[in-house]
Amino acid sequence: MDSDGDGIGDINGITSRLEYLKELTIDAIWLLPIFKSPMHDFGYDVTDYYTIDPEYGTAEDFEHLLKKANELNIKVVLDFVPNHTSNESEWFIKSLHRDEYYSDWYIWENGYLDSKGYRRPPNNWISVFRKSAWHYVPNRDQYYLHQFGISQPDLNFRNPVVVEELKSIIKYWLEKGVAGMRINAVNHFVEIDKDLFGGRYPDEPKTGRPGYGPDDYEYLDHVYTKDLEETYDLMSQFRDVFDAISLRDNLTRVMMTDASTGIKNAVKYYGEGIHYGAHIPFNFALIEDLTKELDARDMKYAIDRWLTYKPLRKPANWVTGTNDIGRVASRFRPELVDAFNMLVLLLPGIAITYMGEEIGMVNGFVPWTETKDQLACNTDDPVNFIDVSRDPVRTPFQWNNGKNAGFSAAEKSWLPVAEGYEHINVASQRSAVRSHYQVYRTLMGLRLRPAFRLGRYESLALNNEVFAFKRWYNDDAYVVVMNVGRTYQVVNLTAFDLIFGQLEVEASSVLSTRTFSDNVHANYLDIGADEALVLRMQV
Ligand code: GLC
Ligand code: MG
């Protein structure tokens, strides 16, 4: 929500809408980075971790947000981006000028001259945002490493002074009363120790994956720049900072981590033994393991897989979208919005909702000329940029059917509003009898019941199209059932142990013909295409 009419969302805007979050009974909000930044990567390029970007507000505005949130019992979690700073940060500028203290804060390397006398980067490493991960700076006559954009030089995590500074930043915000941090791109923190290779960073091997060229990140296997073992130790060091502060003031603090990686690495972020890691290592299973062609077996497999690999006693978490990944309505289809919200909110564990998923927002259309995302701009391709652009999922939140969907009083919002906002908005869904918003609220209510809070879990692909899971606590049993196929199906829920007789509808997807308190037979359930139901066993 934009409060000052410049077209860009801000802190006071969020404060003014906390009541909405309360209405949804959300416990906590995680804000994308709000720190000082030239915004080349949407704030993921920070110039000063202690200052709030004026575009978003002032220190007082933030205090005010915390105070209001506290009154409403909503916790505030910040996004922390330690892998890299902005190339406009004071740290970087000092490092560039070989300031004694900062000289070693980034990864600086000499290039070499090839046989024709051209300057070449130190090795073949490629950035996540495409092309060489090295950038030459004449001032220092060296290259710096940037695993993301050119404007995002990587900090040197092998320098203990850097690590200490990062811990101080966490401390600073936690002491201000922030309830936690979501730490960004953690698996990129550490690069291989070049001393193991005679002082030169080694080339990464090619993946040989078809369809990728030498400028693409996928072209190389990132064995020296990603998922290094040292990362997990750093995580437990960071976690100690969270715990120390909680111990002191007795307030709960949460550490969340963001790592796009294989499942075995992903669950390592929980920590091992006495080395605690994150409370919430983002689980991307519902994003990475499911495609548009998903069927019931894929769903069961993706969900069970995460639950299997996760340490037994740690809570799972479920994520269907972020600022980087397309909307559920667009990635799958709009008819599955409620089904996915049922997964996120009713599977065992912590639920994470990206703004707008509760009302089923769709990807916006952002033309090349209005594209802001660096990743998209770096393609230099006014046609295919759309495949990678993250702008479509970042379009303004849709409050009502007015100008800029009620997001901003400006002539133009920073990104255009997505299609369908006339119907897909909070105001209209609030007053509708059936809407994604109403379903979401119902699910949030169900979530508080013991069967969903504490209960056990079992899942079945009843056939190729119908996925179902049971949650139960003592005698109180529920079946969540969804037909993710394109045709009507008849299924038998007695395939679950101790499910029989009649079940009552507690929640249904918006296009379902069933409503609250309708009865269905366990042994014969006719379920329409895209229909999703939460059923409670009658005893
Ligand atoms: C994370 C963020 C993404 C950002 C990147 C670099 O993946 O979610 O938006 O571009 O890290 O900081
Ligand atoms: Mg790094």
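Indexing begins at 1, ligand by ligand and atom by atom, following the structure's order. Nothing here was measured: the structure is a model prediction, and the numbers come from that model.
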What protein heavy atom sits nearest [atom], and how far away is it?
| atom | value |
| --- | --- |
| atom 4 (C) of ligand 1 | D41 OD2, 3.4 Å |
| atom 1 (C) of ligand 1 | N184 ND2, 2.7 Å |
| atom 9 (O) of ligand 1 | D324 OD1, 2.7 Å |
| atom 6 (C) of ligand 1 | F148 CD2, 3.4 Å |

Students often mix this up, so state it plainly: with edges at 30° and 60°, are the rings of [X] and [Y] parallel, tilted or perpendicular?
| X | Y | result |
| --- | --- | --- |
| Y172 | Y50 | perpendicular |
| F282 | F284 | perpendicular |
| F238 | F80 | tilted |
| Y232 | Y269 | tilted |

Polar contact flag, side-chain donor to acceptor under 3.5 angstrom, D338-H436: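 There is such a pair between these side chains.
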Y219 and N124: side chain donor to acceptor below 3.5 Å: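 Not at all, the side chains of Y219 and N124 share no donor-acceptor pair under 3.5 Å.
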Ring centre gap for W125 and Y143 strictly below 6.0 Å: no
At a 4.0 Å threshold, what atoms of ligand 1 neighbour a non-hydrogen atom of [X]?
| X | answer |
| --- | --- |
| R394 | 9 (O) |
| R390 | 3 (C), 4 (C), 9 (O), 10 (O) |
| D258 | 1 (C), 7 (O) |

Does ligand 1 have an atom under 4.0 Å from some heavy atom of [X]?
| X | result |
| --- | --- |
| H84 | yes |
| F129 | yes |
| H40 | no |

Distance under 6.0 Å and angle within 45° of ring axis: R119 vs Y136: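 Yes, a cation-pi geometry holds between R119 and Y136.
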Which segment of L375 sits under 4.0 Å of ligand 1 when only heavy atoms are counted: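 Within the 4.0 Å criterion, L375 makes no contact with ligand 1.
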